[in-house]
Amino acid sequence: MPPLAGSKFLANRVPQESNSNVVTIDVGGQIFQTTKQTLSLAGSKSLLSRIVNSDNTIPFIDRDPELFSIILSLLRTGNLPSKARSFDIQDLIFEAQFYGIENLLVNSQSNPSQFDAFNLEKSLVLPLSGRDSPSAMSTTQCESLHVAHGSKITSFDWSLQRKSTILTQFTAIDSLLALSDKVAAAGATDLSGLQIINLDNGFVKQTLNWENVTRSGSTVQAIGMSPEYLFTSFESGRRNSNCIMLYDLNDSLRPITMIGHYEIFGADLDSAIPATKLQWVSSHNLLMASGSHSGPSGVLGNIRFWDMRSGNVVWELKERIDCFADVAVSDTFSSIFKIGVNTGEVFFADLRNIGADNSWVCLGDGRKVSNGKKEGFGCKVRSHGNQVFCCKGGNIELWSEVQIGSMKNREGHLQERVFRKNFMGRATDVGGSRITNLDFGGNKMFVTRKDQQCIEVWSSSRGL
């Protein structure tokens, strides 16, 4: 059991100067000196803040001085020193809990500056119970990780040291989105409704449904979220209609409106494609919704950008020649990236030219043509920080933009953008079976693979 943060400390009779800004602390027989300002960063409810407000004697804390030096360095810089890696993370957690600064420890590990894409290495493997491989996963701002495998959801805390598993009503979960550390939205393509689940006990707090004109049930195809709304893509059980529902995250998930409602008549293939991926684009206040369909004429799809204020599509890309296997929007690059399902090549479209025709630019071999093998099938693309991660088979490519002078030329037109594929670092040579999913949290990258009942954790050497 971790020690209580409210534990008392002892006061030595050795006085310290009452007017001095320097505070002297005796921890386990070792003397430390710091300032009142540094200790106040621990927060008003922490043990260290009580030391600042104590009388003019040197306090004695019966704790490990080496661990306290880590805690003090965390207060001074906001980051853990490199020597923290020589300690067990559970010891650091217990110590942070004792002093009442676990939130600072969590924040230090979620610092985006500690994520170095070119210096990632596999640091941990998280096993999952049962024989089902992961089908979906989601991270939170507090760095917790939630993984769907079969009918179960396994949750890991921010340190990845504590986990819990709940059993759901689903046979298999296809969509999962963590709304908080304790609550997640889950859906499946074979069971009606979006369930809001308490991750502590598996209790279904709420089920969100959508019915079309025939009053038939609907299954969940995708989930997304903005700071204000929860987005859910539904398809009717008869597969003759679909829509995207908006729910208010700040008002008990009250339904707000419905966009992209399509009733399918005859052979209208565009209307028959529900959105299977939803991503909020904060830089443009738009919702990206994409979906594809495989038929006799090949893979067809569409990508739509929706304005929530008007409920209208402001840009639509119809995929006919080399449809996407996966697509992702990067706010950093103000671009959308895709992997062609036929060629397996990476393409991007500049969101600054939103509405333009023939927007895709091939970053790989633009001369490559389809050979009927669907080389991009199963490939994934994700954007994180200043890199775009493309999973092909068991490996990961990193794409970065090369800055060449000003973004505009002398005539005021946008300059041609250059992206380069990088093979630096160990993450580009992941190897192993095909990657099925990729997600990020703090300084970590989480990887799932086909037919493997575990999560690979790849982290930068600058983190724990």
Side-chain angles (χ1 to χ4, degrees), residues 1-115 139-144 157-162 180-182 227 441-444 459-460 462-464:
M1 295 289 293
L4 299 175
S7 299
K8 296 181 179 180
F9 59 86
L10 303 177
N12 287 327
R13 295 182 179 180
V14 181
Q16 30 185 352
E17 297 181 19
S18 58
N19 296 327
S20 174
N21 187 44
V22 177
V23 178
T24 302
I25 308 172
D26 185 346
V27 180
Q30 184 172 331
I31 298 298
F32 293 86
Q33 286 192 318
T34 184
T35 64
K36 294 180 179 179
Q37 288 87 343
T38 297
L39 293 181
S40 65
L41 296 175
S44 59
K45 296 182 180 180
S46 71
L47 174 63
L48 297 176
S49 68
R50 291 165 54 193
I51 294 176
V52 176
N53 300 320
S54 62
D55 56 19
N56 300 325
T57 56
I58 297 178
F60 173 77
I61 304 176
D62 191 15
R63 304 293 293 183
D64 188 331
E66 292 187 357
L67 287 171
F68 181 76
S69 69
I70 302 295
I71 296 297
L72 191 56
S73 181
L74 175 61
L75 288 174
R76 287 167 171 163
T77 65
N79 297 307
L80 290 175
S82 58
K83 65 179 180 180
R85 289 195 293 271
S86 61
F87 293 90
D88 188 288
I89 187 172
Q90 199 63 58
D91 292 337
L92 294 175
I93 293 173
F94 286 167
E95 212 66 13
Q97 290 174 341
F98 175 83
Y99 291 106
I101 61 166
E102 186 179 11
N103 62 316
L104 296 180
L105 185 59
V106 174
N107 292 338
S108 72
Q109 293 304 289
S110 61
N111 188 344
S113 65
Q114 291 186 343
F115 184 84
T139 58
T140 69
Q141 291 183 342
C142 294
E143 304 309 309
S144 59
D157 74 340
W158 69 270
S159 67
L160 305 179
Q161 299 295 305
R162 296 186 292 269
S180 68
D181 284 349
K182 303 298 183 182
N443 68 330
K444 299 178 180 65
S459 59
S460 169
R462 285 190 286 175
L464 272 180

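What you see is a predicted model, and the numbers here were worked out from it, not measured in a lab.
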Original post:
Does Ser49 use its side chain to pair, donor to acceptor, with the backbone of Gly43 at less than 3.5 Å?
Top reply: yes
Subject >> Side chain to side chain, Leu160 and Lys444, heavy atoms closer than 4.5 Å >> reply: yes
Original post:
So, do Trp158 and Leu105 sit near enough that their side-chain heavy atoms are less than 4.5 Å apart?
Top reply: yes
**OP:** Evaluate the side-chain proximity of Ile70 to Glu95: yes if any heavy-atom separation is below 4.5 Å, no if none is.
**Re:** no
**OP:** Using only heavy-atom distances, determine whether the side chains of Ser159 and Asp157 contain a donor-acceptor pair under 3.5 Å.
**Re:** yes
Original post:
Looking at CG of Leu104 and CD1 of Ile101, how far apart are the two atoms once the value is rounded to the nearest 0.5 Å?
Top reply: 5.5 Å
Original post:
Which atom pair, heavy atoms only, marks the closest approach of Gln161 to Gln90?
Top reply: CB-OE1, 3.3 Å
Original post:
Under the 3.5 angstrom rule, does the side chain of Ser46 hit a backbone N or O of Gly100 as a donor-acceptor pair?
Top reply: no
Original post:
CD1/Ile58 to CD1/Ile51 distance, rounded to the nearest 0.5 angstrom?
Top reply: 11.5 Å
Subject >> Gap separating the CD atom of Gln33 from the OG1 atom of Thr24, nearest 0.5 angstrom >> reply: 4.0 Å
Subject >> Shortest non-hydrogen contact from Asn79 toward Thr77 >> reply: O-OG1, 2.9 Å
Original post:
Would you call Arg63 and Ile71 a side-chain contact if the rule is heavy atoms closer than 4.5 Å?
Top reply: no
Original post:
With a 4.5 Å limit on heavy-atom distance, are the side chains of Pro59 and Arg50 in contact?
Top reply: no
Original post:
Are Asp62 and Phe60 close enough that some pair of their side-chain heavy atoms sits under 4.5 Å apart?
Top reply: yes
Original post:
So how far is it from Arg85 CZ to Leu80 CG, rounded to the nearest 0.5 Å?
Top reply: 10.0 Å
Original post:
What class does the angle between the rings of Phe32 and Phe68 fall in, given that below 30° is parallel, 30 to 60° is tilted and above 60° is perpendicular?
Top reply: perpendicular
**OP:** Any chance you could measure Asn107, atom CG, to Gln141, atom CD, to the nearest 0.5 Å?
**Re:** 10.5 Å
Original post:
Does the side chain of Leu75 reach to within under 4.5 Å of the side chain of Tyr99, using non-hydrogen atoms?
Top reply: no
**OP:** Verify side chain to side chain contact (heavy atoms under 4.5 Å, CB included) between Lys83 and Ser69, making sure each step is shown before the conclusion.
**Re:** CA-CA 10 Å; Lys83 65 179 180 180; Ser69 69; 3.4 Å; yes
**OP:** Enter the distance from Asn103:CG to Lys45:NZ here, rounded to the nearest 0.5 Å.
**Re:** 11.0 Å
Original post:
Do Leu72 and Ile25 have side chains that get closer than 4.5 Å, going by heavy atoms?
Top reply: no
